[in-house]
Amino acid sequence: MKRTIPILITAVVGGLLIAAYFVPAPFLASADRLIPDFFNIIAAFAFVLGGGNLLRVHLTKISRRDHEWIYSVVTVAGFLVMLFAGLLKLGTGEGGAFHWTYDLADGRLLYDALYQSVFTPCQATMFSLLAFFVASASYRAFRAKTPEATVLLIAAFVILIGRTFVGGWLTAWIPEPFSEYLHIPNLSAWIMSFPNLAGQRTIQMGIALGIISNSLRLILGIERSHLGGGD
Amino acid sequence: MKISGIPRAGSRAARLVAPLIALTCIVLPFGPASAQETSPEVVTEVVVPPPAPPTSVAAIDAPNDAGHALLVTWQASPDDANADVLAGYRVLRSQGGSPFEEVGVAAPGQDSFRDRVPENAVRYDYKVVSFGPGGVGESGTAGAEARFQWFDKTRVSSFVIMLIVCGAIVFNILRAQAGQKMYIRKIAGMDAVTEAVGRATEMGQPVLYVAGIQDMDNVQTVAGLTILGSISKLIAEYETSLVMPCSRSLVMSTARETVKESYLSAGRPDAYREDGIYYVTDEQFGFVAHVDGLMVRKKPATCFYLGAFFAESLILAETGNSIGAIQVAGTAMPTQLPFFVAACDYTLIGEELFAASAYLSQDEKMLGSLKGQDFGKGVAMVSIFVGGILTTIEGLTGWPVITMLNDKIHWLWSGG
Amino acid sequence: MGFLEKLGRLDRRWIFLLIAVSVTIPLMLQRPAPVKPSPIVRNLYTAIDALPPGSKLLLSLDYGPSTVPENDPMAHAIARHALSKDLKLYVMTIWATGPPLISNLFETVIIPGFPNKTYGEDYLNLGYKVGNQGLIQSLTSDFRNQYTQDVGWGDIAARPVGQIPMMSTIRTIKDFDFIAGIGSGQPGLKEWVQFAGDPTGTPVGGGVTAVEAPLLYPYYPTQLVGLLGGLAGAAEYEALLVENHPEFGEAAQVALIRMFPQTVAHLVIVSFVLLGNISYFAQRGRRRK
């Protein structure tokens, strides 16, 4: 029973949504609109669930003085400060005076200030780590160990240089009929527009078919791994 | 807006009067105040005639919809291209003899308007009025009823493709059910799962599992959780610990249920620890910061990244690489695949993510569905190949029969 | 262990350090890079440039703070270009992180650069709406049903669209002459192409982060007029803008200035890849001996 009901719900909802794509009748069209709304409603409740879980996990760690519990203190403090700054609309008014309400002529909300001064730089910092990791991953991965890896290496070279003005400089001497293909920025654009495009489209087609097959398994109740497997 | 009192420019009287008015020039001598002593400038003001009305107004039920929409069409006014005379068209609607009211405005050059109507199966009448600085030109009326359709004819080709692909999948599932053996090529990443979990057991370190950063409405997350079902069974059998930070609380709840069921079916319900699966934050980089910190502190021996990933993919995989973990990744985000390929030991590319659960379970019915999927791929490959050849021949010869065949293939894959 | 062997096992922290240095020093020099615009960027510039004065351009800023260095120069350059051509600029976002980016666009580009332009007549803030691609789809049938009022700007309070001169002719997305989407993920430019440009025939162009760009190439040139791929794309657009409007000066060269450190960083990565391969082949040769 515990497995039959979820499988039944999946089958009915999945079938309805597929039918709604082809049949524009009003009752199906409204199902098509309403079912995503159901998800949004459940997801909204999940915010409370998520917040509750976060507090429970970290407060437990703090109370047990678990290993590195001090990080949990930072997490809980950050969560509560942001939550109350947003809920109570705390802000600073004219002349920097502290206010408890949102009704401020020239004031600034604490939430906005935290967003811009803490959240934004933290996000940018994490994202900028990519630059460093791209460098170390390229250093390790681009080795001409096999013919395929050599092709990859050459393509990476062309793209990396082609995305800078140096690529243009290096091959500016190539005469007109040949420069259309051999000028590094043009070669880089060609790699992106043809071999890359072909690969991207093939992968996307495979993904689309994979999604169809996976969804059909779920709708037909054949896929049960997420319910513990078995019959 | 009611306009029933406005004279119709299309009437015979108006047609006669308009050119006369246009010929009448009002000459007014005036000039700037500072130049009053000098000879006055002469400015000619031309009275603009009202635009000719649009003709052949028709109203039909908007096709392929749930009703509540009518399509009003008309033949453009002869003044359509003359911006000095015609500024646009007003579409007016009446129901059951009520006064006409404006429901929309169309720009010059437009010859149709889609109107949303409150009721299905009720007749609505329409007029289209051209307007400009000189007045208005009113068309005749036309009416229709809105109805819903039982099939969206613009999606016939999608329906055909669905029948082919889904039919092949169901057919192969039935074949598998009847005992037919299915051969599926090896997926190295999934073959390595046992070794990867075993390594974590030997080292006494946990297994880290990340099911992407999207919610349960993303099919990649669902695929990640179905694979989790199989892997967590193995983890339970090997008595290894599982750490699973989640970026969405719904994913956390679902993952807990999945892992609990797996531990139960592995006969180890006592080993299940709910706290190992917990929510972190919906925020992408906040989540990554936590998982990176976790990796550096707890040094998991094996890391699985299976689901939908964005820019965080390389940050996670490089950190995992730096701690020497065995890493198995899988995603259907084409932009992130190169990063996983570069930094992980094994990567499930696109469709392999969706096939992994079937592969791990070795359930014949699930494997049958993969065979059906391959048939769909075959149809696509043949279409691309034949389409390529036909396009080349068409370009060289221009034969109409080739054009027709090419158009058929194009139609089949156009989603229409 | 020989030098080449050591090189092959180089601690990645050395790579990190060199990348940091190669980005920081050129960034401090503040020199614009000599960038040559590619056809895909030139196409976008030409399409916007060809719009007659008074045309309506919808600019959607669908990204968050993390990709501001890449996306902001694109949005700012297109906004500058549009207002200099006397186009009507409608700014919106389908990302919850977008509203502060719109404020920043107004504060740093429009107010100082175009003091004679009026809010509500020349540019408009439509703000953020939930709904992702569903929202885009619904705009194709009824724009005013979704946007019953603007968001306002500074001291200007939000007003119903009926009172905003710029909104008088807007009924659906088809009433716009151009859609420019600046994005870094999903939903973003791809969704603008799929759900707005393609079904309605309204031209769509825009910019995305370098990582996202390969996903958009399949749509160019039929469904996507032009594309700014990453900082390089933004710099190429700025190069065209500065070439035709030298009056914008240094304020319009943010991406051009950032391209210099990016170029140096690319060259450092290329050098590391070369060194890694030299070390690999040297070791392989030694093993064969």
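Proteins get letters first, then strands, A, B, ... in listed order; numbering begins at 1 in each. Being a predicted model, the structure only gives us computed values, none of them experimental.
How far CD of B:Glu283 is from OG of C:Ser66: 7.5 Å, rounded to the nearest 0.5 Å. Atoms CG and CD, from C:Asp175 and B:Gln110 in turn, are 7.0 Å apart once rounded to the nearest 0.5 Å.
Highest contact tally toward chain C, considering only B:Glu318, B:Arg116, B:Met333, is held by B:Glu318 [criterion: heavy-atom pairs under 4.5 Å]. Comparing C:Lys174, C:Arg12, C:Glu212 by how many heavy-atom pairs each has under 4.5 Å with chain B, the most go to C:Arg12.
The shortest non-hydrogen separation linking B:Thr335 to C:Leu215 is CG2-CG, 3.5 Å.
For B:Arg297, the CZ atom sits in a packed shell: over 12 heavy atoms of surrounding residues, nucleotides or ligands are nearer than 6.0 Å.
Applying a 4.5 Å heavy-atom cutoff, the residues of residues 336-344 of chain B that approach chain C are B:Gln336, B:Phe339.
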